[in-house]
Amino acid sequence: MEPSYAVDASLLPDDLLLQPRGASSAYHIGDAVAMADMKSPLGFVLALGAPGALEGRGVVFLYALNESLAWEEKGVLEPSGGYPGMGFGSSIAIGDQSDMIA
């Protein structure tokens, strides 16, 4: 059995709490999380799944670590032709070739 960790968010500095613009708790942000070193100008990239966004169609928020070592929102992946309840972003993987599957 793998260990499970819980963090009290009130103990974290504000700059560690990522809240995408326009998002709400109904988005279920962070249901899936992936991070990788893209070995490109973006460097480290963080992908946060939000399967409850857009009436359950879901989105993935992308962040990159900037020069100040703070996470900066870089974009949002949305499914094309998605449908309510689809749950895009409920699972995320970033491959060795910087391919992203959400």
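What you see below is based on every heavy atom in this structure, not just the backbone, and it leaves out hydrogens, waters and symmetry mates. None of the values given here were measured: they were computed from a predicted structure.
Put simply, CE on M35 and CD1 on I92 are 13.0 Å apart, with the number rounded to the nearest 0.5 Å. To the nearest 0.5 Å, atom CG of residue L48 and atom CD of residue E73 are 9.0 Å apart.
A heavy-atom distance below 4.5 Å is found between the side chains of L62 and L77. In this structure the side chain of F88 reaches within 4.5 angstrom of the side chain of V60, judged on heavy atoms. Counting heavy atoms from C-beta outward, P51 and D31 have side chains that approach closer than 4.5 Å. With contacts defined as side-chain heavy-atom distances shorter than 4.5 Å, the pair W71/N66 does not qualify. E72 is not listed as a side-chain neighbour of Y63, based on a closest heavy-atom distance of 4.5 Å or more.
Here the shortest heavy-atom pairing between P79 and G58 reads CD-O, 3.1 Å. Shown here for M86 and R57, the closest heavy-atom pair between the two residues is CB-O, 4.0 Å. Across A32 and G89, no two heavy atoms sit closer than the pair CB-O, 3.4 Å.
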